[in-house]
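Here the structure is laid out as C-alpha cells; the discussion comes afterwards.
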Amino acid sequence: MSSERRLLNRRTVLTTLGALPILTAAASVVGASEAVAATAVIDPSTQRQTIRGFGGMTHAAWIGDLTAAQRDTAFGTGEGRLGFSVLRIPVPENQSDWNRNLATARRAVELGATVIASPWNPPASMVETFVRGSQTNAKRLRSNMYGAYAQHLNDFTTYMRNNGVNLYGISVQNEPDYAHDWTWWTPTEILRFMRENAGSINTRVIAPESFQYLKNISDPILNDSVALANMDILGAHLYGTSYANFPYPLFKQKGAGKELWMTEVYHPNSSDSADLWPQALDVGEHLHRAMVEAEFQAYIWWYIRRSYGPMREDGQISKRGAMMAHFARFVRPGYVRIEATANPASNVYVSAYKGGDSTVVIVAINKGTSAVSQQFTLANSTASSASSWLTDASRNVAPQGTTSMSNGSLTVTLPARSVTTFVTGVSGPTPTPTPTPTPTGGTGTGPRVTYTMNSWNNGFTANISITNTGTSTINGWTLVFTLPSGQSITSGWNATYSPSSGQVSARNVSHNGTLAPGATIDIGFQATHTGDTGKPTAFTLNGVPCTVV
C-alpha cells in the first residue's frame with residue numbers, strides 16, 4: 001500500500017444557500033426571519049498572538065508539482081486567489097531530490113510567502129531498523145548519527161538559501177509519533193536531539209510536529225530549559241484532535257518568545273470532495289478555533305492541490321479553499337489577533353485581526369440554517385466604512401461592496417450557512433512606548449539580532465529576531481540599522497519604521513514593547529531594491545550595539 005494511501009486511510013479514521021449579507025448602520029431594522037445575536041465587540045487595543053500566515057504543502061515527488069498558474073492562484077492575494085502566505089515543503093533524504101519543490105518555493109517567496117520544511121526520513125545511511133510492536137521493519141535514527149542528521153538539515157537549508165529560498169524554519173521530524181511509513185522518534189529521543197544537536201541548526205527549529213497535538217512528546221521539551229532554548233517553533237498537527245485539547249496551558253506558561261504553529265491538517269476528512277456543502281463550513285469553524293482557542297500563529301493544510309484540498313485538481317479554488325481564503329487573503333503575516341466576542345450566537349463564530357496600518361479584519365461564520373442579524377461594535381476605536389466578501393452555497397469569496405459605519409458600529413445580516421470577511425480601517429489613540437533603561441547584565445555582548453532575507457528580482461522581505469540577552473526587562477525599544485543604497489521599505493509588521501531608507505529606526509508597537517530577559521521577538525518588513533541585496537552590517541537596540549548572528 002502506498003504511503004499516501006496509508007496516510008489517507010489512517011487520517012480518515014482519526015477524523016472520523018443564503019442571501020447576500022445586508023450591511024447597514026447600527027440602527028437597522030431586523031427582519032422577522034432573522035435571529036438576533038448578541039453584539040460582537042471588537043477591541044483592537046486588546047491584542048493576542050501575532051499571525052505568521054496560512055498555507056499548505058507541496059510534495060512534487062508524491063503528487064506532482066504545482067503548475068505556474070496554480071502557484072499564482074495559491075499565493076496571489078487578488079480576487080480568485082487563495083492568498084496563502086506559508087508554503088511547507090519536504091526535506092528529501094537524497095540530495096538529488098532537493099530541487100523537486102524549488103520552483104514552487106521560489107515563486108511563493110516572490111509573492112511574499114514564508115517557506116518551511118519538514119523531513120520524513122534521514123538519509124538511509126543514518127537509519128536502522130528495529131521491531132516496534134507488530135512492525136518488524138520500523139525505522140529510527142541511529143544513536144551515533146544525531147550530529148550528522150543536524151548537518152543534513154543544515155545542508156538542505158544552505159541549498160535552499162543558495163537557490164533563492166531562505167527557509168523560515170526547519171522541522172526535526174514530521175509526525176515522529178505516527179511513523180509507520182517513515183522514521184519513529186520517542187519523546188526521549190526528540191528531547192535528546194533538541195538538547196544536544198538542535199542548537200547547531202542554522203535556521204529556526206520546529207518541533208515536534210505530533211500528528212495529533214499529543215502533549216506527551218512536546219511537554220518534555222517545554223520542561224527542559226536547554227531543549228526549549230533550542231526550539232523556536234512548537235509545531236503541531238491536528239488530525240483527530242478534539243477542540244477540548246486545542247488549548248495548551250503548559251505552552252502558555254513556558255513558551256515565552258516561542259512561536260506556535262499548526263503545520264499540517266486536512267479537515268474533516270480526505271474522502272469527501274472539497275466542494276461538498278455545507279460540510280466545507282467545518283473548515284471555517286476549525287480555522288476559527290485554531291486561531292481563537294488554540295491561539296496558533298499559522299495554519300497549514302496538507303496538499304494544496306487535491307480533491308479534498310483548497311485547490312481542486314483542475315486548479316480552481318474549492319469550497320474548503322474558500323474557507324481558508326477568507327482568512328489567508330485578508331489576515332496577512334504580522335497581523336495580530338485582537339479580542340472579539342467569539343460566539344455571539346449559536347453556530348456563529350467571530351474572530352478579528354489588526355494590521356500595522358490600522359486595518360481591522362473580521363471573519364464571521366454562520367453555520368446555522370437561518371440568517372442572523374449581527375451587530376459589530378469597535379471598542380476604543382472608530383471606523384467610517386467596511387468592505388465585505390461572502391462565501392455561501394453559490395459563491396466563493398465574492399466581493400459585496402462597501403458600506404458606511406455609524407459610531408464605530410455595523411449591523412449585518414449573516415446569511416444562513418455562510419462565511420463573511422469584513423475589512424475596515426480604524427482610528428483611535430495610539431499607545432506611546434515607555435522609554436526603557438539601557439539593558440544590563442547578561443554576557444556583555446549586547447542584545448542579539450538575527451536578520452534573514454528572502455529576495456527576488458526587485459524586492460525582498462526581511463525578518464528580524466531580537467533577543468534580550470541582559471538581565472533587565474526592556475520596556476519600549478528602538479532598533480536602529482542602515483539599509484544599503486537603493487533599498488526602501490514599503491510595508492512592515494510588528495514595528496513602525498522611519499524613514500523608509502538609509503538609517504532606519506524600528507520602534508515597538510503596543511503589543512511587543514516589553515522584552516523580558518532571554519525573550520525573543522520577531523519583526524519584519526517588505527522592501528524594494530535596485531540591485532543591492534546586501535544586509536545591514538550593524539544594529540543598535542536603545543543605543544546598545546547588538547551581536548549579529
Is a side-chain N or O of [X] found less than 3.5 angstrom from the main chain of [Y], in a donor-acceptor match?
X: Q374; Y: V412; result: no
X: R204; Y: Y168; result: yes
X: Q400; Y: A398; result: yes
X: T391; Y: V419; result: no
X: N366; Y: S418; result: no
X: D275; Y: K319; result: yes
X: K258; Y: L234; result: no
X: N508; Y: A495; result: no
X: R337; Y: F296; result: no
X: S318; Y: G321; result: yes

Would you indicate whether the side-chain heavy atoms of [Y] and [X] approach each other to under 4.5 Å?
X: Y178; Y: H237; result: no
X: W98; Y: N163; result: no
X: L167; Y: R161; result: no
X: Q316; Y: T73; result: no
X: I523; Y: I466; result: yes
X: T114; Y: P333; result: no
X: V165; Y: R106; result: yes
X: T533; Y: F460; result: no

Does [X] count as lying over the ring of [Y], i.e. NZ or CZ under 6.0 Å from the six-ring centre, within 45 degrees of the axis?
X: K215; Y: Y248; result: yes
X: R320; Y: Y308; result: no
X: R289; Y: F246; result: no

Once rounded to the nearest 0.5 Å, what's the spacing between atom [atom1] of [X] and atom [atom2] of [Y]?
X: T263; Y: W301; atom1: OG1; atom2: CH2; result: 14.0 Å
X: I304; Y: F84; atom1: CD1; atom2: CZ; result: 6.0 Å
X: L410; Y: S388; atom1: CG; atom2: OG; result: 8.5 Å
X: I206; Y: E259; atom1: CD1; atom2: CD; result: 9.0 Å
X: S171; Y: L153; atom1: OG; atom2: CG; result: 8.5 Å
X: R329; Y: S85; atom1: CZ; atom2: OG; result: 13.0 Å

Assign the ring pair [X] / [Y] to parallel, tilted or perpendicular, where the plane angle (0 to 90°) is split at 30° and 60°.
X: Y266; Y: Y239; result: perpendicular
X: F330; Y: W389; result: tilted
X: Y349; Y: H288; result: tilted
X: F376; Y: F422; result: tilted
X: F54; Y: F327; result: tilted

Walk me through it: do E264 and E209 pass the test side-chain contact (heavy atoms from CB on, under 4.5 Å)?
CA-CA 8 Å; E264 185 188 310; E209 288 202 291; 5.6 Å; no
Quick one, R306 with I63, criterion side-chain contact (heavy atoms from CB on, under 4.5 Å). Give me CA distance, side-chain angles, the key distance, then yes/no.
CA-CA 9 Å; R306 215 60 176 159; I63 62 165; 3.5 Å; yes
Least distance between heavy atoms, [X] atom then [Y] atom:
X: A207; Y: V172; result: CB-CG2, 4.3 Å
X: R81; Y: G76; result: CB-O, 3.0 Å
X: A280; Y: M323; result: O-CG, 3.2 Å
X: V292; Y: A342; result: CG1-CB, 4.2 Å
X: Q279; Y: P268; result: CD-CG, 3.7 Å
X: G80; Y: I317; result: O-CD1, 3.2 Å

A quick test of your reading: do over 12 heavy atoms of other residues, nucleotides or ligands sit less than 6.0 Å from CG of D97?
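Yes, because the 6.0 Å sphere around CG of D97 holds more than 12 heavy atoms from other groups.
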Do you know which of E293, E295, E339 makes salt bridge (charged side-chain N to carboxylate O under 4.0 Å, His left out) with R48?
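Option passing the salt bridge (charged side-chain N to carboxylate O under 4.0 Å, His left out) with R48: E339.
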Assess whether side chain to side chain donor-acceptor pair (under 3.5 Å) is satisfied between N174 and R88, documenting all intermediate values.
CA-CA 11 Å; N174 171 76; R88 182 173 178 243; 2.8 Å; yes
F525 ring center near Y497 ring center (under 6.0 Å)
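Here the rings of Y497 and F525 have centres that are less than 6.0 Å from each other.
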Indicate whether any N or O donor in one side chain lies under 3.5 Å from an N or O acceptor in the other, for T452 and N166.
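No donor-acceptor contact under 3.5 Å links the two side chains.
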Apply the test side-chain contact (heavy atoms from CB on, under 4.5 Å) to residues V265 and Y213: give CA-CA distance (whole Å), side-chain angles for both, the deciding distance (0.1 Å), then the verdict.
CA-CA 11 Å; V265 78; Y213 203 13; over 6 Å; no
side-chain contact (heavy atoms from CB on, under 4.5 Å) evaluation trace for I89 with M160:
CA-CA 11 Å; I89 61 174; M160 295 300 292; 3.7 Å; yes
In plain terms, say whether E110 and R71 are close enough for a salt bridge, that is, a side-chain N and a carboxylate O under 4.0 Å apart.
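R71 and E110: not salt-bridged.
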